[in-house]
Number of protein chains: 4
Amino acid sequence: MRPDVRRNLDALLTAAAEIFETDGVDAPVRRITARANVGAGTLYRHFPQRADLIAAVFRREVDACAEAARAFSAQEEPVEALSRWLRHFARFLAAKRGLKTALHSGDPAYEGLPEYFQQRFVPVVAELLDAAAASGGIRSDVAPYDVLRAVADIVAPDDDGYTQRLLTLLIDGLRYRGG
Amino acid sequence: MRPDVRRNLDALLTAAAEIFETDGVDAPVRRITARANVGAGTLYRHFPQRADLIAAVFRREVDACAEAARAFSAQEEPVEALSRWLRHFARFLAAKRGLKTALHSGDPAYEGLPEYFQQRFVPVVAELLDAAAASGGIRSDVAPYDVLRAVADIVAPDDDGYTQRLLTLLIDGLRYRGG
Amino acid sequence: MRPDVRRNLDALLTAAAEIFETDGVDAPVRRITARANVGAGTLYRHFPQRADLIAAVFRREVDACAEAARAFSAQEEPVEALSRWLRHFARFLAAKRGLKTALHSGDPAYEGLPEYFQQRFVPVVAELLDAAAASGGIRSDVAPYDVLRAVADIVAPDDDGYTQRLLTLLIDGLRYRGG
Amino acid sequence: MRPDVRRNLDALLTAAAEIFETDGVDAPVRRITARANVGAGTLYRHFPQRADLIAAVFRREVDACAEAARAFSAQEEPVEALSRWLRHFARFLAAKRGLKTALHSGDPAYEGLPEYFQQRFVPVVAELLDAAAASGGIRSDVAPYDVLRAVADIVAPDDDGYTQRLLTLLIDGLRYRGG
DNA sequence: AATGAATGAGCGTTCATTCAT
DNA sequence: CATGAATGAACGCTCATTCAT
């Protein structure tokens, strides 16, 4: 990859990351290109769909977030590992203004985005749930996707207290069994 | 209030209700005024903020939804009454395309909207929670507002299965108590 | 119609006529609105399709051109009347830069335009052809539409000599009969 | 000429021919370079003007079309040879989407194009006209260029019926003499 | 009080052309 | 010589809001 291309790509990803942080993921395209000092065409060349840019911007962080599950699994007992990681995942989402909305918007501009995130995160939460269920700490009839989506729904970037309380409630729901 | 003013107001509310149902609450203003056979200025006179129109449109239904809690309380035991009403409330939100998003969007156009809904619904859910806690069916350390907001977060108009499963999980979380 | 609306409409039609003359009928919309000192929306309100604007701009002139056939019919013998009017029609088209191309472009922006022009002109040329054929001056097996289209094809705004020579040839073709 | 240069040139010509066939002669440049697996700069090096590319692409076919006149002249009597060749020429143009329009568009991108085609075709039609006039089958006061241009004007790729009828009329015009 | 025409900034997107690599 | 990434002006169009009528 040519160095100037690399430079432009980096500039775009950096600019997009900053803009996404402050303005959310559906900020005007022009703001990103302006910040990156790059023509509009350059952005469209690298990221024909807005979803492609979002995915690219968050890919590393997504991977890191997914990886974190291993550490929790290794260090904590299963239910605690699950709990920790869900909170970790919530923080991840909270930092991405507008991502939550985009994920379930149905807007064609975001096509492919939910799929990408699911592919990465569903296995992670599935494993955590299985381990916790195997340990007898939670019930085993809850789908990984539901949990993932629930956390995404519940995240409130501006109200961490609420998010934490709801996560507790959600995990308690997983712990609850009939009786 | 002059009769023609009254007529215009009614036309606007009716039109907006229909448009909101089909196109969601951030449908173009013009579609509403066109359907109501009313000038754009007339709408802005009565509802300076889009939130005002939404609140007005849904006021009656909000009231009805809140009232329904009484019936549930009278007919069911406390936890069941709570559960029933939360599902009722979820259906109410599911029917209002885009309302959920608008409620937490932070968009200045929707200023005042969350407050209005809270004023009406928080007391309702507070009462249901208190009764259920008093009966020993659920714990007592969960804030009404949190529950309300959680249901709004969780509602998925196009995926009732998910909504129902999550409501179950949420209520189970309320039932869970430490041990 | 309110006077300001009338004024804007006039400004638009005048501006469009001027722009069409110099830049052709697919000049950028913005150039027209700029010249008319009018917002883009105003143009779109009155003329949702570009074809609508073109039709409106040329309507009066189209009518005048069609009407002219009467005078020729009244004053000249049939074949001469036909000949004169075809040249008149050619001049009309020559003055409308790009109209010819637009008429047969298939571009959806020009939808409805050919139809409008045909509706107006086909009867005119049909009558002229019939009269000329009745007088024995030309053959009777040529379709009005073909003649109309042929003239449109042949018109060369920048080369009146060519246009005139070809018109002669075309009319001679009409005069020719087998032997 | 270096073999790689030759290869690129061939690829460009082949690609352009295919694209012109399907998308017309003002298809985006990029589509051509992409199909040829060649950089944009390579195209611009060889064909600084779009017209240069068009001329190069059609050169062989132009030559073949011009050559065909000889065969007609040899096999048919003069007027018939003329008639046949004009229809042949019309088919040639009809197959080149957008060429007709480009020829008389005045667009600077097509600069030089008309000249190239004239150089090749005018002598051909001149000879055919002369022969036909010499045989007494047609008049002798019509310029070759006019006939050529008229055919180009008249060609309608999507309406062969019209094209044929107009060609007949045109040739009849040539046959007509005063009378 | 009501109208609804007008505004015009703002959007996403395309594409001929240039020029660093 | 060739590449192909980058440019960036230009386009058509939308729509919340204002304000002359």
Side-chain angles (χ1 to χ4, degrees), chain A residues 1-9 11-12 26-34 36-46 48-50 108-109, chain B residues 1-9 12 26-34 36-46 48-50 108-109, chain C residues 1-9 11-12 26-34 36-46 48-50 108-109, chain D residues 1-2 4-5 7-9 12 26-34 36-46 48-50 108-109:
Chain A
M1 178 171 281
R2 274 163 44 176
D4 57 330
V5 176
R6 178 80 254 159
R7 205 179 336 114
N8 276 329
L9 236 167
L12 272 171
D26 35 41
V29 163
R30 289 242 228 294
R31 187 130 47 181
I32 295 168
T33 58
N37 279 323
V38 142
T42 304
L43 186 147
Y44 279 94
R45 163 185 296 275
H46 293 300
Q49 303 277 348
R50 180 187 285 265
Chain B
M1 179 172 282
R2 275 164 46 178
D4 57 331
V5 176
R6 178 81 252 158
R7 206 178 335 112
N8 276 332
L9 237 166
L12 273 171
D26 34 41
V29 162
R30 284 261 261 285
R31 190 129 50 181
I32 295 168
T33 58
N37 280 324
V38 142
T42 305
L43 184 148
Y44 279 92
R45 164 180 305 276
H46 293 300
Q49 303 276 348
R50 181 188 281 264
Chain C
M1 179 170 282
R2 273 163 45 176
D4 57 331
V5 175
R6 178 80 254 160
R7 204 179 336 114
N8 277 328
L9 235 166
L12 272 172
D26 35 39
V29 163
R30 289 242 228 292
R31 188 128 49 180
I32 296 168
T33 58
N37 279 325
V38 142
T42 305
L43 186 147
Y44 280 96
R45 161 185 300 278
H46 292 301
Q49 304 277 348
R50 181 185 286 263
Chain D
M1 179 172 284
R2 274 165 45 177
D4 57 331
V5 176
R7 205 177 336 113
N8 277 333
L9 237 165
L12 273 170
D26 33 41
V29 163
R30 285 261 260 283
R31 189 128 52 182
I32 295 167
T33 58
N37 279 323
V38 141
T42 304
L43 186 147
Y44 279 92
R45 162 178 307 275
H46 293 299
Q49 302 277 348
R50 180 186 285 264

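As the structure is a prediction and not an experimental result, all values here were calculated from the model.
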Mind checking which stems touch DNA chain E? I mean at least 3 consecutive Watson-Crick or G-U pairs, both distances under 3.5 Å.
E:2-21 with F:2-21
For C/Arg31, salt bridge (charged side-chain N to carboxylate O under 4.0 Å, His left out) partners two or more places apart
C/Asp23
side-chain contact (heavy atoms from CB on, under 4.5 Å) with D/Ala109: which residues, sequence neighbours excluded?
D/Arg50, D/Asp107
Quick one: C/Leu43 CG to E/dA5 C1', roughly how many Å, whole number?
13 Å
Please determine, for the side chain of B/Val5, which listed nucleotide (E/dA2, E/dA6, F/dA2) has the closest atom?
E/dA2
Spacing between C/Gln49 atom CD and F/dT14 atom P, to the nearest angstrom:
10 Å
With A/Arg30 via salt bridge (charged side-chain N to carboxylate O under 4.0 Å, His left out) - residues at least two apart:
none
Applying side-chain hydrogen bond (donor to acceptor under 3.5 Å, both in side chains), name anything that partners C/Asp4, two or more places apart in sequence or on another chain.
C/Arg2
Output one letter per nucleotide in nucleotides 15-21 of chain F: B when a protein non-hydrogen atom lies under 4.0 Å from the base, S when only the sugar-phosphate is that close, - when neither is.
BBBBB--
Could you pull out all residues at least two apart from A/Ala40 that satisfy side-chain contact (heavy atoms from CB on, under 4.5 Å)?
none
To the closest 0.5 Å, what do you measure between OG1 (D/Thr33) and CG (D/Leu12)?
8.0 Å
DNA chain E: 5'-proximal contact among B/Val38 and C/Gly39 (nearest heavy atom)
B/Val38
Taking only residues two or more places apart in sequence, or in another chain, which ones meet A/Asp26 in a side-chain hydrogen bond (donor to acceptor under 3.5 Å, both in side chains)?
A/Tyr110
Value for CG (A/Leu43) from CG (A/Asn8), rounded to nearest 0.5 Å, stands at 10.5 Å
note: C/Arg6, atom CZ; E/dA5, atom P; distance rounded to Å ~ 14 Å
OP1 or OP2 of F/dA6 sitting under 4.0 Å from any side-chain N/O of A/His46?
yes
C/Leu12 CG to E/dG8 P, in whole Å, measures 14 Å
Between C/Asn8 and B/Asn8, which has a closest nucleotide on DNA chain E that is more 5'?
B/Asn8
Which heavy atom of A/Ala11 sits nearest a heavy atom of A/Ala36, and at what distance?
O-CB, 3.6 Å
Distance, rounded to the nearest Å, where C/Arg45 contributes CZ and E/dA5 contributes C1'
5 Å
